[in-house]
Asker: 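The structure is given below, and queries will be raised subsequently.
The chain is numbered in sequence order, starting from 1.
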Amino acid sequence: MAATRPVQCLLRKICKGSRSFGVATEVNASSSSSQRIIDKEYEHSAHNYHPLPIVFSQAKGTSVWDPEGNKYLDFLAGYSAVNQGHCHPKILKALQEQAERLTVSSRAFYNDRFPLFAEYVTTMFGYDMVLPMNTGAEGVETAMKLARKWGYEKKRIPSDEAIIVSCCGCFNGRTLGVISMSCDNEATRGFGPLLPGHIKVDFGDADALERIFKEKGECIAAFILEPIQGEAGIIIPPDGYLKAVRDLCSKYNILMIADEIQSGLGRTGKMLACEWEEVRPDVVVLGKALGGGVLPVSAVLADKDVMLCIQPGQHGSTFGGNPLASAVAIASLEVIKNEKLVERSVQMGEKLMGQLLEIQQQYPDYVKEVRGRGLFIGVEFKRKNLFPASVYELSEKLKERAVLAKPTHETIIRFTPPLCISEDEIQQGSKALADVLEIDVPKLQKEKPREAAPVASSACDRCGRVMYD
């Protein structure tokens with residue numbers, strides 16, 4: 001009889017009106033194979049990502065394991081969300097202790113953790129105030145709203161005429177407000193109309209920025225930039241650019257907003273990438289590693305003159321500043337500080353950079369450029385020379401050699417491991433890349449048909465540039 005079947009095998013149908021609800025009585029991914037899990041996600045989840053065919057089942061430090069027990073070295077670190085390493089014991093301890101006391105209060109009430117985090121993070125980075133959110137994209141949305149509000153209240157920009165300037169090639173998230181600054185056609189096509197009030201400028205071109213400031217400065221509230229562009233492929237601006245931006249923003253009374261979501265918290269060998277030129281932005285956005293790879297936590301930092309333009313009811317989040325996230329964020333920052341992960345990023349970054357430059361010298365036909373700071377490194381490949389092999393396939397071959405990295409824009413692979421990575425693991429990662437170029441690429445080029453030419457990068461819908469070729 002059905003009633004005698006094991007409970008975990010039952011799927012009960014509950015009918016309410018014309019809708020049918022299936023209730024699964026147990027979810028146990030650990031007993032499933034990687035392929036079954038991938039198939040299940042493909043069937044039941046939106047197809048808004050194209051992951052490598054690897055399933056994370058467990059993780060510790062720089063390593064992850066799939067359900068079959070295979071071990072891999074993580075060279076992506078959750079796009080800098082895991083700077084401290086996977087499942088750091090001190091962060092997990094803070095999570096557990098706080099979860100047993102209080103998790104959520106909403107900002108309708110005070111809680112005893114958020115004020116401690118607010119004091120800690122503002123003191124660490126030298127700003128008066130913090131506005132807490134959850135995800136990085138929410139942090140950027142918050143910074144844009146704050147800039148507009150400041151522009152109307154303090155700069156006296158005419159109503160509904162505030163402009164925000166951003167850089168070509170920027171990536172700040174995929175919410176509707178954020179993609180209104182984007183040069184990524186995949187993120188913008190089919191989602192219009194985009195929000196007005198945005199102007200683009202070439203990243204690294206201070207002269208072009210000043211021309212825009214001169215022409216429209218009276219209505220420009222803010223200039224937002226990544227100090228080093230991450231999703232664009234670790235694009236580093238010319239020396240002196242950040243200082244020039246700071247000077248121009250001060251001269252024209254425009255807020256300088258630094259999106260340090262990927263580049264901050266030790267990733268580049270500085271606590272903030274802006275510190276490479278000793279620049280203090282008016283607004284800083286933090287995220288990713290602020291949650292230590294445990295919870296989504298983001299924060300917007302600014303002084304009172306800017307932050308107090310936001311009044312009660314004008315912006316918020318049910319979970320922003322929740323006690324659980326606050327406890328985790330404090331622990332995450334303490335780990336970076338106490339374990340000297342900023343310094344370690346410099347040390348290990350120099351070693352990784354050196355090894356990748358040697359690979360470029362060995363395989364100049366394939367490797368166009370190696371660039372980066374700290375453990376924020378991009379390797380750009382010559383797509384035409386790789387053809388018919390693709391950079392995505394290079395990442396798949398790296399995965400087969402137990403190293404996990406992800407391409408961006410069809411020509412670049414980022415190498416951004418947790419900051420706690422060891423010298424031996426650095427060597428393992430670079431050796432895997434060398435082996436892929438020596439062994440796997442020639443095989444792919446022989447095996448794959450060459451009937452079609454490599455697909456050219458499409459021009460940006462906004463500026464008309466072909467940014468990745």
Side-chain angles (χ1 to χ4, degrees), residues 81 91-154 162 164 172-178 195 221-222 224 255 257-261 264-265 281-334:
I91 300 174
L92 291 181
K93 182 181 178 183
L95 174 78
Q96 181 177 354
E97 290 179 352
Q98 185 59 43
E100 292 172 350
R101 294 179 63 249
L102 176 67
T103 55
V104 177
S105 61
S106 89
R107 296 295 298 284
F109 310 98
Y110 291 96
N111 70 71
D112 63 355
R113 292 293 99 184
F114 171 60
L116 300 181
F117 165 61
E119 180 182 40
Y120 192 94
V121 71
T122 53
T123 299
M124 173 175 278
F125 292 99
Y127 287 87
D128 292 344
M129 292 185 151
V130 61
L131 200 164
M133 297 297 286
N134 309 287
T135 66
E138 285 180 300
V140 175
E141 290 275 359
T142 298
M144 290 195 296
K145 286 183 66 176
L146 185 59
R148 284 184 171 186
K149 197 67 161 53
W150 173 87
Y152 296 130
E153 288 198 358
K154 297 296 179 73
I164 294 176
N172 308 99
R174 293 188 180 92
T175 57
L176 186 57
V178 172
L195 272 61
I224 182 170
L255 296 180
I257 302 176
D259 175 351
E260 294 266 12
I261 294 166
L265 303 182
D282 299 294
V283 181
V284 171
V285 187
L286 300 175
K288 294 194 183 293
L290 190 59
V294 172
L295 288 176
V297 187
S298 62
V300 177
L301 298 167
D303 288 337
K304 291 180 180 180
D305 180 63
V306 175
M307 190 67 81
L308 291 181
C309 292
I310 294 283
Q311 294 297 309
Q314 295 176 349
H315 190 66
S317 163
T318 298
F319 284 91
N322 72 77
L324 189 61
S326 297
V328 164
I330 292 173
S332 299
L333 293 171
E334 286 179 339

Asker: One pair to check against side-chain contact (heavy atoms from CB on, under 4.5 Å): Val140 and Ile261. What are the steps and the verdict?
Answerer: CA-CA 9 Å; Val140 175; Ile261 294 166; 3.8 Å; yes
Asker: Could you tell me the separation between the NZ atom of Lys154 and the CG atom of Asp305, rounded to the nearest 0.5 Å?
Answerer: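 If I round to the nearest 0.5 Å, the distance is 3.5 Å.
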Asker: Locate the shortest heavy-atom distance separating Leu290 from Ala299; write the atom from each residue and the value.
Answerer: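 It is CD2-CB, 3.8 Å.
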Asker: Do any pairs count as a salt bridge (charged side-chain N to carboxylate O under 4.0 Å, His left out) and have a residue in residues 281-300, sequence neighbours left out, and if so which ones?
Answerer: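 Residue pairs passing salt bridge (charged side-chain N to carboxylate O under 4.0 Å, His left out), neighbours aside: Arg246-Asp282.
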Asker: Is the NZ atom of Lys93 crowded by more than 12 outside heavy atoms at less than 6.0 Å?
Answerer: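 Atom NZ in Lys93 is not crowded, with 12 or fewer foreign heavy atoms closer than 6.0 Å.
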Asker: Does some side-chain heavy atom of Arg107 sit less than 4.5 Å from a side-chain heavy atom of Phe114?
Answerer: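 A side-chain contact under 4.5 Å exists here.
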Asker: Quick one: does Met129's side chain get under 4.5 Å of Val306's, heavy atoms only?
Answerer: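 Not in contact.
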Asker: Does the side chain of Leu146 reach to within under 4.5 Å of the side chain of Ile310, using non-hydrogen atoms?
Answerer: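 When only atoms from C-beta onward are counted, Ile310 and Leu146 do touch, with a gap below 4.5 Å.
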Asker: If you count the non-hydrogen atoms of other residues, nucleotides and ligands that lie under 6.0 Å from CZ in Phe319, is the total more than 12?
Answerer: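 No, because the 6.0 Å sphere around CZ of Phe319 holds 12 heavy atoms or fewer from other groups.
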Asker: Taking all non-hydrogen atoms of both residues into account, name the closest pair between Val297 and Gly291 and its distance.
Answerer: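 Residues Val297 and Gly291, closest heavy atoms: CG2-CA, 3.8 Å.
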Asker: Going by the rule side-chain contact (heavy atoms from CB on, under 4.5 Å), which residues pair with Gln98 if we only count those two or more places apart in sequence or in a different chain?
Answerer: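 For Gln98, the residues satisfying side-chain contact (heavy atoms from CB on, under 4.5 Å) (neighbours in sequence not counted) are Arg101, Leu102, Arg113, Pro323, Leu324, Ala327.
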Asker: Determine whether a donor-acceptor pair (N or O, by modelled atom type, separation under 3.5 Å) exists between the side chain of Tyr152 and the backbone of Ala162.
Answerer: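 Yes.
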Asker: Could you pull out the closest heavy-atom pair between Thr142 and Met133, with the gap in Å?
Answerer: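 Shortest heavy-atom contact: OG1-CG, 3.4 Å.
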Asker: Using a 4.5 Å cut-off on heavy atoms from C-beta on, say whether the side chain of Thr135 contacts that of Thr175.
Answerer: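 No, their side chains stay 4.5 Å or more apart.
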Asker: Taking Glu119's backbone N and O only, do any of them form a donor-acceptor pair with Thr122's side chain (distance below 3.5 Å, no angle check)?
Answerer: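 Yes.
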Asker: Before you tell me yes or no, could you show the steps for Tyr120 and Leu333 under side-chain contact (heavy atoms from CB on, under 4.5 Å), namely the whole-Å CA-CA distance, both residues' side-chain angles and the distance that decides it to 0.1 Å?
Answerer: CA-CA 9 Å; Tyr120 192 94; Leu333 293 171; 3.7 Å; yes
Asker: How long is the gap from CG on Asp128 to OG1 on Thr123, to the nearest 0.5 Å?
Answerer: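 Output value for this atom pair is 10.0 Å.
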Asker: A side-chain contact here means heavy atoms from C-beta on lying under 4.5 Å apart; do His315 and Leu131 qualify?
Answerer: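 Sidechains of Leu131 and His315: in contact.
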Asker: Could you tell me whether the side chain of Trp150 reaches within less than 4.5 Å of the side chain of Leu255, counting heavy atoms only?
Answerer: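 Leu255 reaches Trp150 side chain to side chain.
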Asker: Do you know the tightest heavy-atom contact between Asp303 and Gly126?
Answerer: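 Distance-wise, the nearest heavy atoms are OD1-O, 4.4 Å.
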Asker: CD1/Ile91 to CD/Glu334 distance, rounded to the nearest 0.5 angstrom?
Answerer: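 Interatomic distance, Ile91 CD1 to Glu334 CD, rounded to 0.5 Å: 10.0 Å.
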Asker: From Asn134 CG over to Ser298 OG, what is the distance, rounded to the nearest 0.5 angstrom?
Answerer: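 Rounded to the nearest 0.5 Å, the CG-OG separation comes out at 6.0 Å.
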Asker: Keeping to residues at least two apart or across chains, list the salt bridge (charged side-chain N to carboxylate O under 4.0 Å, His left out) pairs with something in residues 132-151.
Answerer: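 Sorted result for residues 132-151: Lys149-Glu153.
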Asker: Do Val283 and Val300 come within less than 4.5 Å of each other through their side chains, counting heavy atoms only?
Answerer: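 Of all side-chain heavy-atom pairs linking Val300 with Val283, at least one is under 4.5 Å.
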Asker: On a heavy-atom basis, which atom in Gly321 and which in Pro132 lie closest, and how many Å separate them?
Answerer: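 Shortest heavy-atom contact: N-CB, 3.5 Å.
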Asker: Could you grab the distance from atom CD of Glu100 to atom CG of Leu95, nearest 0.5 Å is fine?
Answerer: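 Here the rounded value is 9.5 Å.
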Asker: For the atom pair CZ (Phe125) and CG (Leu265), what is the distance rounded to the nearest 0.5 Å?
Answerer: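 Spacing of CZ (Phe125) from CG (Leu265) equals 5.0 Å.
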Asker: If you take all heavy atoms of Ser332 and Ala289, which pair is closest and at what distance?
Answerer: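 Smallest heavy-atom distance, with atoms named: CB-O, 3.7 Å.
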